[in-house]
Amino acid sequence: MTVRLRVAPSPTGDPHVGTAYMALFNLAFVRQQGGAFVLRVEDTDRARFQADSEQQVKDMLHWLGLDWDEGPDIGGPYAPYRQSERLDTYRPYVEQLVASGNAYECWCSSERLAQMRAQQQAAKLPTGYDRRCLGLTREQRAELDGFTETPVVRLLVPEDPPLHFADLIRGEVNAPRPDDQVLLKADGFPTYHLAVVVDDHLMGITHVVRGEEWISSTPKHLLVYDALGWDRPAYAHMPLLRNTDKSKISKRKNPAARLTWFGEQGYLPEALVNFLGLLGYSQPDGTEVFDFAQMSRDFDWSRVSTVGPVFDLEKLGWLNGEYVRALAPDDFAARGMPFLQSAGLVADPASDDERATLDALVPLVQTRVALLTELPALVRCFFVPEEAFSIEEAAAAKVTGSGTVLTAAADALETLTDWSTETVQAAMDAALIDGLGLKRGKAYAPVRVAVCGASVAPPLPESMAVLGKERVLRRLRVAATTLG
RNA sequence: GUCCCCAUCGUCCAGCGGCCCAGGACUCCACCCUUUCAAGGUGGCUACGCGGGUUCGAAUCCCGUUGGGGGCACCA
């Protein structure tokens, strides 16, 4: 049997990391098994619906390389893949459930339901629908209070509903007894609980992989499968990603909950994918730097943890550095360019000169960047117009009184006809180390500040070679007076 | 409140009865390398929540307890 899995985001806002996390594990298994991966849009909540959300989700998933085989944009044998376009397919099943006595209509107003729950909680009772409408006709119910015109359809949970199910990650799971859950809302839209089951069945989904938060509603779904006479899928409930305080990861408490945040912050998609594959999961050999293909190759549900991992940015930052350093030089330049452009250091599109300068800088900065957002500060002095070049105050303060050193360096460099890393360094060493008797660290510090404007910068002779004789000399002579 | 899930260094993982007075990674600290900062190298700090069992033997199994998390919507 060929395996079919899906990821089913709800277009209610900015794409969530949890969606990528689920997609990754779904997909790792799908690709290992040679099955199909479906993207289904669960847009049954018209109150929270956001029109641009679906596209953002698709963009983010593509950015991460987590691509689907069937979906609303590319179609497939089970189209449509948007639940709002499938309203007609749910209706017959609702009718069937009502006819078979597995569901019933309910006219209770939301006010009455809220009041009922409050009372139950005050009485320290489990909350749940009290079945006020069960067995009543519309007319009979209308005579009682808390009545509302348009009914919903509720699942009738039997005395002994199925509460146990096998989970690929957790083994036998014991879930709580469900409430008489609403299946069809008053607006005619199905709730999640009806729509997932119907769609998963109709779309031939074999494995339902979702967050742990769904464990408690699985019995409802089981009930619907059974009532409709359908085979149950296999279940895998993933651990929930957490904030630092261990609560379920949220956009409110954690910027990383927002998928679009990572690109803006200079993270590489392959690093994020790798990192997500490290949360609640590990490679059999303990490898920590691995790509999707490797993860998929020996993917195993039994290796997925049941403990919700804290989404810790520090390790992701390290991992990102690993990936940044592993980038081919031209790839690094290409990925870094947008950050230089948005910092206003490079024109958009970049000129040939600017490209050439960046290419020359790559070997100097690639090991010094963990996040792409760190690049602009590191290369600022190479791109900034001479008139706008300035020395950081703190850096200047560290080397005040080095006019002699700077002048000596400038004088020595002035005579150079061949301008390269080697000749520059030789000239500086001769003038400052041999000539003034300074140690290299002492000698280079003021020069670095004068030329780069900061006390932390890429290697000095290399930087000076890239900068060119003219600009270096000008900066040295200016600094010789200002730092004199 | 109620039901369910979970429990190894600060964090992410390994461990699935003896190889563990617990191993790797991130972070932090020290040292080496070194023209600054990185990168790289070496070393170090730090954990099986607690209490009972079971067993010759428990981080690993069982029970309890404590702690954390999630669900309890005409949201997903």
Side-chain angles (χ1 to χ4, degrees), chain A residues 8-12 42-45 47-48 106 108-110 113-114 117 120-128 148 150-154 163 170 173-179 181-187 189-193 195-196 210-217 219 237 239-240 242 244-248 275 278-289 302-303 305-319 321 325 364-370 374 378 395 398 425 428-429 433 439-445 447-449 452 454-461:
Chain A
S10 208
T12 54
E42 311 223 319
D43 54 351
T44 55
D45 185 348
R48 293 200 305 157
C106 170
C108 287
S109 65
S110 42
L113 293 172
R117 276 182 215 107
Q120 287 167 335
Q121 210 167 102
K124 305 192 178 192
L125 259 33
T127 53
T148 189
T150 24
V152 300
V153 175
R154 285 183 183 276
L163 299 180
R170 291 153 200 274
V173 173
N174 185 10
R177 183 176 208 287
D179 185 15
Q181 176 64 48
V182 171
L183 297 178
L184 191 69
K185 305 186 230 181
D187 63 3
F189 277 66
T191 58
Y192 170 82
H193 304 288
V196 249
R210 57 183 10 171
E212 183 183 359
E213 61 207 301
W214 294 108
I215 288 180
S216 54
S217 29
H237 287 93
L240 253 28
R242 315 285 189 99
T244 316
D245 67 2
K246 306 269 190 180
S247 59
K248 178 163 82 164
F275 182 65
L278 237 29
L279 295 179
Y281 195 68
S282 61
Q283 294 299 106
D285 65 357
T287 305
E288 296 206 303
V289 181
S302 73
R303 295 198 68 79
S305 162
T306 50
V307 188
V310 170
F311 195 101
D312 181 21
L313 258 8
E314 255 174 320
K315 188 153 186 174
L316 174 58
W318 162 76
L319 199 54
R325 276 171 246 128
L364 308 188
V365 298
Q366 195 166 359
T367 60
R368 294 177 164 77
V369 166
E374 297 163 1
L378 218 44
K398 285 184 198 166
Q425 173 153 9
M428 284 210 298
D429 287 356
I433 299 177
K439 289 201 161 186
R440 184 129 64 191
K442 263 296 193 217
Y444 282 18
V447 177
R448 177 177 297 109
V449 171
C452 304
S455 48
V456 171
L460 190 55

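The chains referred to below are lettered A, B, ... by the order of the sequence lines, with proteins before strands, and numbering in each begins at 1. Model, not experiment: these values are computed from the prediction.
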Flag for A/Arg303-A/Ser282: side-chain donor and acceptor within less than 3.5 Å: yes

Residue whose closest nucleotide on RNA chain B lies nearer the 5' end, A/Glu213 versus A/Leu184: A/Glu213

Sugar-phosphate, base or nothing in reach of A/Pro458, heavy atoms under 4.0 Å: base

Same-atom distance (P) from B/C56 to B/A14, integer angstrom: 31 Å

Atom P, compared across B/G24 and B/C31: separation rounded to whole Å: 23 Å

Sugar-phosphate only, base, or nothing, as touched by A/Ser110 at under 4.0 Å among non-hydrogen atoms: nothing

Length of the line joining A/Leu240:CG and B/G69:C1', which is rounded to integer Å: 8 Å

d(CD, A/Glu374; C1', B/A38) in whole Å: 10 Å

Separation of atom CG in A/Asp245 from atom C1' in B/G67, rounded to whole Å: 15 Å

Nearest-0.5 Å distance that lies between atom CD in A/Gln425 and atom CE in A/Met428: 6.5 Å

Between B/G64 and B/C5 - P atom distance, rounded Å: 12 Å

Gap between atoms CG and P, on A/Leu364 and B/U34 respectively (whole Å): 19 Å

N or O in side chain of A/Arg440 less than 4.0 angstrom from B/U35 OP1/OP2: yes

Sugar-phosphate only, base, or nothing, as touched by A/Gln121 at under 4.0 Å among non-hydrogen atoms: base

Electrostatic pair A/Asp45:A/Arg48 at N-O distance under 4.0 angstrom: yes

Touch class at under 4.0 angstrom, heavy-atom based, for A/Thr148 against every strand present: base

Given RNA chain B, 5'-ward residue of the pair A/Ser247 and A/Ile215, judged by closest heavy atom: A/Ile215

Side chain A/Thr367 and base B/A38 donor-acceptor under 3.5 Å: yes

Whole-Å distance separating the CH2 atom of A/Trp318 from the P atom of B/A38: 18 Å

Presence of A/Lys439 side-chain N/O under 4.0 Å of B/U34 phosphate oxygens OP1/OP2: no

Touch class at under 4.0 angstrom, heavy-atom based, for A/Gly286 against every strand present: nothing

Sugar-phosphate only, base, or nothing, as touched by A/Val182 at under 4.0 Å among non-hydrogen atoms: sugar-phosphate

Same-atom distance (P) from B/U11 to B/U46, integer angstrom: 16 Å

Rounded P spacing from B/A25 to B/C37 in Å: 24 Å

Euclidean distance for P, B/G53 against B/C16 (whole angstrom): 26 Å

Ring-ring centroid check A/Trp318 A/Phe275, cutoff 6.0 Å: no

Length of the line joining A/Arg368:CZ and B/U36:P, which is rounded to integer Å: 10 Å

Polar-atom pairs under 3.5 Å, protein N or O versus N or O of nucleotides 9-14 of chain B: list them with distances, or write none.
{"unit_1": "B/U11", "atom_1": "OP1", "unit_2": "A/Lys246", "atom_2": "NZ", "d": "3.4"}
{"unit_1": "B/U11", "atom_1": "O2'", "unit_2": "A/Asp312", "atom_2": "OD2", "d": "3.4"}
{"unit_1": "B/C12", "atom_1": "OP1", "unit_2": "A/Val310", "atom_2": "N", "d": "2.8"}
{"unit_1": "B/C12", "atom_1": "O2'", "unit_2": "A/Leu278", "atom_2": "O", "d": "3.0"}
{"unit_1": "B/C12", "atom_1": "O2", "unit_2": "A/Lys315", "atom_2": "NZ", "d": "3.3"}
{"unit_1": "B/C13", "atom_1": "OP1", "unit_2": "A/Gly280", "atom_2": "N", "d": "2.0"}
{"unit_1": "B/C13", "atom_1": "O3'", "unit_2": "A/Ser282", "atom_2": "OG", "d": "3.4"}
{"unit_1": "B/A14", "atom_1": "OP1", "unit_2": "A/Ser282", "atom_2": "OG", "d": "3.4"}

B/C74 OP1/OP2 closer than 4.0 Å to side-chain N/O of A/Arg154: yes

For A/Asp245, salt bridge (Lys or Arg N to Asp or Glu O under 4.0 Å) partners two or more places apart: A/Lys253

N or O in side chain of A/Arg117 less than 4.0 angstrom from B/C74 OP1/OP2: yes

Short side-chain N/O contact from A/Thr44 to OP1 or OP2 of B/A76, under 4.0 Å: yes

Whole-Å distance separating the CZ atom of A/Arg242 from the P atom of B/G68: 12 Å

Sugar-phosphate only, base, or nothing, as touched by A/Asp45 at under 4.0 Å among non-hydrogen atoms: sugar-phosphate

Touch class at under 4.0 angstrom, heavy-atom based, for A/Pro461 against every strand present: base

Minimum heavy-atom distance between A/Phe311 and A/Leu313, given as atom pair plus value: CE2-CD1, 3.5 Å

Sugar-phosphate, base or nothing in reach of A/Ala186, heavy atoms under 4.0 Å: base

Side-chain donor/acceptor of A/Thr287 to backbone N/O of A/Val289, under 3.5 Å: no

CZ on A/Arg170 to CD on A/Glu212, rounded to 0.5 Å: 4.0 Å

Interatomic distance, A/Ser217 atom OG to A/His193 atom NE2 [nearest 0.5 angstrom]: 5.0 Å

Distance, rounded to the nearest Å, where A/His193 contributes NE2 and B/C74 contributes C1': 11 Å

Spacing of the C1' atoms in B/U36 and B/A59 (rounded, Å): 46 Å

Sugar-phosphate, base or nothing in reach of A/Ser216, heavy atoms under 4.0 Å: sugar-phosphate

Check: A/Lys185 side chain, A/Thr44 main-chain N or O, donor-acceptor pair, under 3.5 Å: yes

Touch class at under 4.0 angstrom, heavy-atom based, for A/Pro178 against every strand present: nothing

Whole-Å C1' distance, B/U65 and B/A7: 13 Å

